[in-house]
Protein chains: 2
Amino acid sequence: MKDVAAAAGVALKTVSRFVNAEPGVSPATAERVAAAIERLGYRRNESARMLRRGRTATIGLVIEDVADPFYSEIGRAVEDVALRHGSLVFSGSSGEDPRRERELVLAFCARRVDGLVIVPAGTDHDYLLPELDAGVAAVFADRPGGLDADTVLSDNAGGAHSGVTHLIRHGHRRIAFLGDRTAIFTAAERLRGYRRALSDAGLPADGTLIATGPPERAGVALDRMLAEPDPPTAVFAGNGRITVALLRSGHRPPLVGFDDFELADLLTPGVSVVAQDPAGLGRTAAELLFRRLSGETGPARRIELATRLVPRGSGELRP
Amino acid sequence: MKDVAAAAGVALKTVSRFVNAEPGVSPATAERVAAAIERLGYRRNESARMLRRGRTATIGLVIEDVADPFYSEIGRAVEDVALRHGSLVFSGSSGEDPRRERELVLAFCARRVDGLVIVPAGTDHDYLLPELDAGVAAVFADRPGGLDADTVLSDNAGGAHSGVTHLIRHGHRRIAFLGDRTAIFTAAERLRGYRRALSDAGLPADGTLIATGPPERAGVALDRMLAEPDPPTAVFAGNGRITVALLRSGHRPPLVGFDDFELADLLTPGVSVVAQDPAGLGRTAAELLFRRLSGETGPARRIELATRLVPRGSGELRP
DNA sequence: TTGAAAGCGGTACCAC
DNA sequence: GTGGTACCGCTTTCAA
């Protein structure tokens, strides 16, 4: 900018005025400045600008894995909203590791992002407190964080409830629940929905029909249940990875799975699912964030997005 | 930092020394500074630091769509390499729109990223020239850009050749090629590989067996071919979207598709594919980039990554 | 309408 | 070991 000013024979400030379209530059001067800018190929240094102005027009996004379709769709939605607000987004994968989440977030904060959208890997977010004090806004998506901040979730319990109820309506009375580790918020919520659906239907709760743990163990868990006397006649799978793990281990039981996935409709039979709205999750989180950034105050909000039951065949099989 | 210096009763520069672990700070002083930092919750402002140092430890990534599994895997690999080099990554989706690609890239450059990994949407990259002059490094991934820069590609022609040859070995002599618009580099390359495979096998080239265009039209194109006299007995699909489009339109011909996809093994029959290595694409591109950033000079490199034929059933069906 | 000078939060270079 | 000071590239404040 200094060079441009020199080339145009004006003061630094005049160039700044022109570049920022501020009033107070005569057409003639403007012309000269424009020419100089063109000739020198000048482009404003945003970082310097941000340093001075205090806002970086940048937000940070931490998701579990940018290559996972569910989370990357969240990311895509966040990106779209950010772009519409003139912001760029730093993105990073936590890999479900709280330490890495923390490192990423702090690295983003050191770069002075205006705000953060976080899919929390851990439950302790005290490390964020100083940053929030310093003025960065934060929104949790998909799962609540360990902090009273804006949060956007799916209706996990409600979705599981509707999926299990769907199986009950199709004549099943012994329905297995194969879910992820209950330490994961969404997994616990879905189990809660499963239990509520059974009790709402007046069916007994049977602990032997419930298995929680890592997805790769789902197939074996189901094998075991099926070998028992009075085995389950249908399965509710707690997330997409578990659904796929079951299918891959050769099982084709009457089934409703939480989470939609590509090609679920092309399998035989089509896989009935409780679909979340990942794009909605991301969009809503980002919108909440930008609302805060534009000055909105008030208590933290917690928004729950509806899920949608998609019947495709597997969930309509009778016992 | 000024505040920390005041609180610790030392000069600004001493704090800077401590924070950067530079030599020349006595243990006693270090102690005091550390205490002040802790007490004030100080964290260095990276943007200010970068402004002064000239390097931002940030790279920009432009892919077609961060929510597309193929590209997001590239993104994940880039992110991993960047993190290992202490860099953060700005990411953005071009949506296959050259204008948006340009805007993103220029926005990244305005933020003074050190380098760029670009999956080019367009073929004209003259807009990058001034930036390259200004010192940013750029690497193209998946497709070549309109510029003599480092480039990492898959062996598209070779992969298609092996896939088509696989069908020929299984007795097919009339093989349809359903590909994307040939304006897309990868699509054209794959068509080239198809043609070469036929001629290597001494089979005639028949233009009526070739259809190129948007994936959603693939099903209809195949319908038409099958209605002709002497129809094809097998299909080579030019990319993953076309493969899925064909399956979704009800076709189950002997088939090899370019691009692997989740659940290809669970369909009936399993879908044989020519698999690319998206993670390798991203990793290699990022490594090339950081090599340039650490001072490597020399002519632009062009690396081609091998593909891998994965037989799963559909490609082994006989006429 | 235009410009000079201070300062954003750091680092680099050179004295003490 | 420690401090002073210029300066990165831009915006802001105030004066001309």
Side-chain angles (χ1 to χ4, degrees), chain A residues 1-34 36-37 40-58 86 106-114 130-131 134-136, chain B residues 1-34 36-37 40-58 86 106-114 130-131 134-136:
Chain A
M1 183 173 268
K2 199 173 52 180
D3 298 342
V4 173
V10 297
L12 191 67
K13 176 60 204 173
T14 303
V15 180
S16 172
R17 280 207 182 85
F18 176 80
V19 169
N20 293 300
E22 289 173 23
V25 182
S26 73
T29 314
E31 186 87 12
R32 291 221 313 287
V33 173
I37 286 180
L40 274 59
Y42 167 80
R43 210 152 291 146
R44 177 171 62 192
N45 183 329
E46 289 297 319
S47 347
R49 170 172 213 234
M50 298 323 182
L51 172 59
R52 186 64 231 241
R53 301 194 63 193
R55 273 225 176 160
T56 56
T58 301
L106 291 181
F108 292 164
C109 289
R111 296 270 199 314
R112 294 301 189 266
V113 294
D114 299 328
E131 310 300 339
V136 308
Chain B
M1 184 174 268
K2 199 173 51 179
D3 298 341
V4 173
V10 297
L12 191 67
K13 179 58 208 173
T14 304
V15 179
S16 171
R17 281 207 181 85
F18 176 80
V19 169
N20 292 300
E22 287 173 23
V25 182
S26 73
T29 314
E31 186 86 12
R32 291 221 313 286
V33 173
I37 286 180
L40 274 59
Y42 166 81
R43 210 152 292 145
R44 177 171 63 191
N45 183 329
E46 289 298 319
S47 345
R49 170 169 216 238
M50 299 322 181
L51 172 60
R52 182 63 230 233
R53 304 194 61 194
R55 274 224 176 161
T56 56
T58 301
L106 292 181
F108 292 164
C109 288
R111 297 273 200 309
R112 294 301 189 265
V113 294
D114 299 328
E131 311 300 339
V136 308

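Every chain is numbered from 1, with letters handed out A, B, ... down the list of sequences.
Atom CG in L51(B) sits 11.0 Å away from atom OG1 in T56(B) (nearest 0.5 Å).
For a distance-only test at 3.5 Å, the side chain of R17(A) fails to qualify as a donor-acceptor partner of the base of dT1(C).
Rounded to an integer number of Å, the gap from NZ of K13(B) to C1' of dG1(D) is 13 Å. Atoms CE (M50(A)) and C1' (dT11(D)) sit 12 Å apart, rounded to a whole Å. Rounded to whole Å, the distance from CD on E22(B) to C1' on dG10(C) is 12 Å. Rounding to whole angstrom units, CZ of residue R55(A) and P of dT11(D) are separated by 16 Å.
Taking only side-chain nitrogens and oxygens, T29(B) never comes nearer than 4.0 Å to OP1 or OP2 of dG1(D). Using a 4.0 Å cut-off, no side-chain N or O of S26(B) falls inside it from OP1 or OP2 of dG1(D). T14(B) has no side-chain polar atom (N or O) that falls below the 4.0 Å cut-off from OP1 or OP2 of dT2(D).
Side-chain contact between R111(B) and T58(A): present, with at least one pair of heavy atoms (C-beta onward) separated by less than 4.5 Å.
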Practice item. Determine, stepwise, if the pair R55(B) / M50(B) fulfils side-chain contact (heavy atoms from CB on, under 4.5 Å). Key: CA-CA 5 Å; R55(B) 274 224 176 161; M50(B) 299 322 181; 5.6 Å; no

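Listed by chain and number, the residues in a salt bridge (Lys or Arg N to Asp or Glu O under 4.0 Å) with R17(B) amount to none (sequence neighbours excluded).
A salt bridge links E22(A) with K13(A): the closest approach of a Lys/Arg side-chain nitrogen to an acidic carboxylate oxygen falls below 4.0 angstrom.
Residue contacts for V19(B): at a heavy-atom cut-off of 4.0 Å it reaches no nucleic acid atom on any strand shown. Heavy atoms of S47(B) sit nowhere under 4.0 angstrom from any nucleic acid atom.
A distance-only check finds no donor-acceptor pair linking the side chain of R32(A) to the backbone of T29(A) [under 3.5 Å].
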Are any protein N/O atoms closer than 3.5 Å to N/O atoms in nucleotides 6-10 of chain D? If there are, list each pair with its distance.
residue, atom, partner, partner atom, Å
dC7(D), O2, R52(B), NH1, 2.4
dC10(D), OP1, Y42(A), OH, 2.7
dC10(D), OP1, N45(A), N, 2.7
dC10(D), OP2, M1(A), N, 3.0

